Number of protein chains: 2
Amino acid sequence: MTDGSPEPVRVRGRRPPQGDPVVDRAFALLAAFDAGHRSLSLGELSRRSGIPTSSTLRLAGRLMAWGALERGSDGRFTIGLRLWEVASLAPRGQGLKQVALPFMGDLEEVTRQHVLLAVREGTDALLVERLSAHQAMDVLYRVGGRLPLHSTGVGLILLAFAETAFQESVLDQPLVHLPENVPVSPAALRRTLAEIRRDGTATLRRRAPQPLVSVAAPIFGADDRVAAALSVVVPQENAEPRLLGPAVRTAARAISRGLGARRAIGVPPA
Amino acid sequence: MTDGSPEPVRVRGRRPPQGDPVVDRAFALLAAFDAGHRSLSLGELSRRSGIPTSSTLRLAGRLMAWGALERGSDGRFTIGLRLWEVASLAPRGQGLKQVALPFMGDLEEVTRQHVLLAVREGTDALLVERLSAHQAMDVLYRVGGRLPLHSTGVGLILLAFAETAFQESVLDQPLVHLPENVPVSPAALRRTLAEIRRDGTATLRRRAPQPLVSVAAPIFGADDRVAAALSVVVPQENAEPRLLGPAVRTAARAISRGLGARRAIGVPPA
DNA sequence: CAGTTGTTTTCCATTGAGCGGCATTGTGCC
DNA sequence: GGCACAATGCCGCTCAATGGAAAACAACTG
């Protein structure tokens, strides 16, 4: 590649004309990790974050000194436990989980299947906790993983009770159900959401990978707005939505009360 | 307080002669949060991190843009869910928990009390997960919280199987049992640790706040070194260490196998 | 409602901390 | 040994980060 373009002179030591702020870069390093890449070599880290190797090394060193990253004997980086420690103080993460867990346990004992707790983060639902009975069917999602809003029980709850402007922005985009890859009709979804708001429960049936029913209900926070969604996921055959709905709603209310909600659970909107 | 010292001239706009690197400051902001301070105002954040208000605001802004911090309608900062999301990728946190949870569940069902999973972080044990049966006695520690190495079951395991140099550094310090505040004899602790290494189980009795017994066992990682400790905590009266020991060790072995340990659990050190 | 006090936000002149290309060293692999 | 690639060490040049001052805002008080 013979240089034909007016390449900016790369003097040794010349500061790059444009570089993201240090803090952003540091967090870009953290963001380079995901479920499929829980450990990265220096080179991988550099490539995935788009930061030159030498800078990556320097920054990663800082992060290691603090404990945000750890480095194994093989030289590979992983997310550090110290980061996990402070992150466990996130009110919408561990804080929520702490309040919800006992009630989720009750629900698990009754249904003997999966119990999910999720909150909205950006345009996804984020799975905060999952309880799965031993004899439960195959697990679906990972704690800390993201779920689509429009094709999961918890997601539908979070979407139905989100601000109108946000709902519209979601409805404006082309949506498909996964994994069947069936397109979602905006009009149908709109009706579904209205229905969910009306009776405070979302029921979602799904055929693949196996026939299942998810029944979800909203959890209200201290500000009386929807803070999270609770759901049970059971195989289609032994589903009894008539029983599951009230059970999930009851547990969700108990959690709401634990979070300090008042108006929202006391007086249902007329 | 009239200024008597030769104060360095503080010219407006003068860059401070000494300031920690940006990255360290950013993480100092995160470190300002703890179990008793899950939400902080700008002023509190500034005071607790030792960073001037204006710099705190600027940095906090960056952290918020990324999602490491969130700010409520009341203007108070909290740890953000995005941070929790990446932190959930920590192999020694969520990763370990994921493998251990089913086996911990078995143990809980048998003992009907508390089951603890902890790893070593610095000079403390860090509680990665806790399962507590409904009828279990009062809870002790918080997930994400720290436990002393020398006066908890899991702590003793982690200490007994740590590198010798680290053990010595701990033994060199004056130690007391909490909450009784009884000093620990280094010689006695040394004997205890040797015993723990010999039979692969730690048994700790404690009188306050209520009589309880903790039985702990080591969990080995893929590198065949002790990666974590597992324990059950039961009230003194219905304690049957003869049964608990094998149960905990069995579960710990199962988890070790799940983590990829070979030598350590296959051939016990002669 | 003006006065007081405390907190949050904006503004900006200054400078050292962060920058990345390059050179060197380390580590397999054939 | 020879090659390819990953990791680390080095260094002079800048502009991003800096914190005090001041303004804006909020909450009480008499």
Side-chain angles (χ1 to χ4, degrees), chain A residues 1 3 5-30 32-33 37 39-66 68-78, chain B residues 1 3 5-30 32-33 37 39-66 68-78:
Chain A
M1 201 190 286
D3 181 76
S5 62
E7 197 73 21
V9 190
R10 279 262 163 245
V11 188
R12 179 152 160 17
R14 176 65 154 276
R15 197 188 198 171
Q18 165 266 40
D20 285 350
V22 214
V23 183
D24 295 9
R25 293 172 157 235
F27 283 98
L29 289 186
L30 296 182
F33 293 85
H37 302 85
S39 91
L40 298 170
S41 73
L42 179 63
E44 288 166 341
L45 195 52
S46 164
R47 249 166 285 132
R48 289 176 60 89
S49 61
I51 301 172
T53 331
S54 41
S55 300
T56 300
L57 183 65
R58 180 166 19 86
L59 281 174
R62 287 264 162 69
L63 296 193
M64 282 174 59
W66 189 82
L69 289 182
E70 292 176 9
R71 195 165 200 187
S73 50
D74 55 354
R76 297 180 69 82
F77 294 93
T78 57
Chain B
M1 202 192 286
D3 180 78
S5 63
E7 197 73 18
V9 190
R10 282 258 162 250
V11 188
R12 182 158 165 357
R14 175 66 153 274
R15 196 189 197 171
Q18 164 264 41
D20 285 351
V22 214
V23 184
D24 295 8
R25 293 170 155 237
F27 283 98
L29 289 186
L30 296 182
F33 294 84
H37 302 83
S39 91
L40 298 170
S41 73
L42 178 63
E44 288 166 343
L45 194 52
S46 164
R47 250 166 283 134
R48 289 176 59 90
S49 61
I51 300 172
T53 333
S54 41
S55 300
T56 300
L57 183 66
R58 182 165 17 87
L59 282 173
R62 287 263 160 68
L63 297 192
M64 281 174 58
W66 190 82
L69 289 181
E70 292 176 7
R71 196 166 198 186
S73 50
D74 55 354
R76 298 181 68 81
F77 294 94
T78 57

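Note that the coordinates shown come from a computational prediction; the quantities given were computed from them, not determined experimentally. Below, chains carry the letters A, B, ... as their sequence lines are ordered, and counting in each starts from 1. When reading the values below, keep in mind they use all heavy atoms of this one structure, side chains included, and skip hydrogens, waters and symmetry mates.
Positionally, the nearest nucleotide of DNA chain D for S41(A) lies more toward the 5' end than for the other of V22(A) and S41(A). Each of V23(A) and E44(A) was matched to the nucleotide of DNA chain D holding its nearest heavy atom; the match closer to the 5' end belongs to E44(A).
Across its full length, the helix from dC1(C)-dG30(D) to dC30(C)-dG1(D) shows an angle of 50° between the axes of its 5 terminal pairs at either end, rounded to 10 degrees.
With rounding to whole Å, L42(B) atom CG is found 13 Å from dG19(D) atom C1'. Taking atom CG on L57(B) and atom P on dG19(D), their separation rounds to 13 Å, with Å as the unit. Look at CG on L40(A): it is 15 Å from C1' on dA7(D), rounded to the nearest Å. As a whole-Å value, the separation of F77(A) CZ from dA6(D) P is 14 Å. Between the CG atom of D74(B) and the C1' atom of dT8(C) there is a distance of 13 Å, rounded to whole Å.
Ring-plane geometry between F27(B) and W66(A) is classed as tilted, the angle between the planes lying from 30 to 60 degrees on a 0 to 90 degree scale.
A donor-acceptor pair under 3.5 Å is absent between the side-chain atoms of S46(A) and the main chain of L42(A), judged by distance alone. A donor-acceptor contact shorter than 3.5 Å is absent between the side chain of S55(B) and the backbone of I51(B). Checked by atom type and distance alone, the side chain of S39(A) never pairs as donor or acceptor with a backbone atom of R76(A) at under 3.5 Å.
Between dC12(C) and R58(B), no contact under 4.0 Å exists linking OP1 or OP2 to a side-chain N or O. Distances shown here put every side-chain N or O of R25(A) at or beyond 4.0 Å from the OP1 or OP2 atom of dA17(D).
With sequence neighbours left out, the side chain to side chain contact (heavy atoms under 4.5 Å, CB included) criterion links R62(B) to P21(A), V23(A), D24(A).
Side-chain N/O atoms of R62(A) and base N/O atoms of dG18(C) include no donor-acceptor pair closer than 3.5 Å.
Residue-level contact check: R76(B) touches neither bases nor backbone, having no heavy atom under 4.0 Å from any strand.
Residues from residues 48-55 of chain B lying near DNA chain C, meaning a heavy-atom separation below 4.0 Å, are T53(B), S54(B) in numerical order.
The shortest distance between side-chain heavy atoms of R48(A) and H37(A) falls below 4.5 Å. Side chains of L40(B) and T78(B) form no contact here, defined as non-hydrogen atoms less than 4.5 Å apart. Looking only at side-chain heavy atoms (C-beta outward), T53(B) and L45(B) stay at 4.5 Å or farther from each other.
Of the candidate nucleotides dA17(D), dT7(C), dT9(C), dT7(C) has the atom nearest to the side chain of R47(B).
Here CZ of F77(A) is found 6.0 Å from CE of M64(A). Values are rounded to the nearest 0.5 Å.
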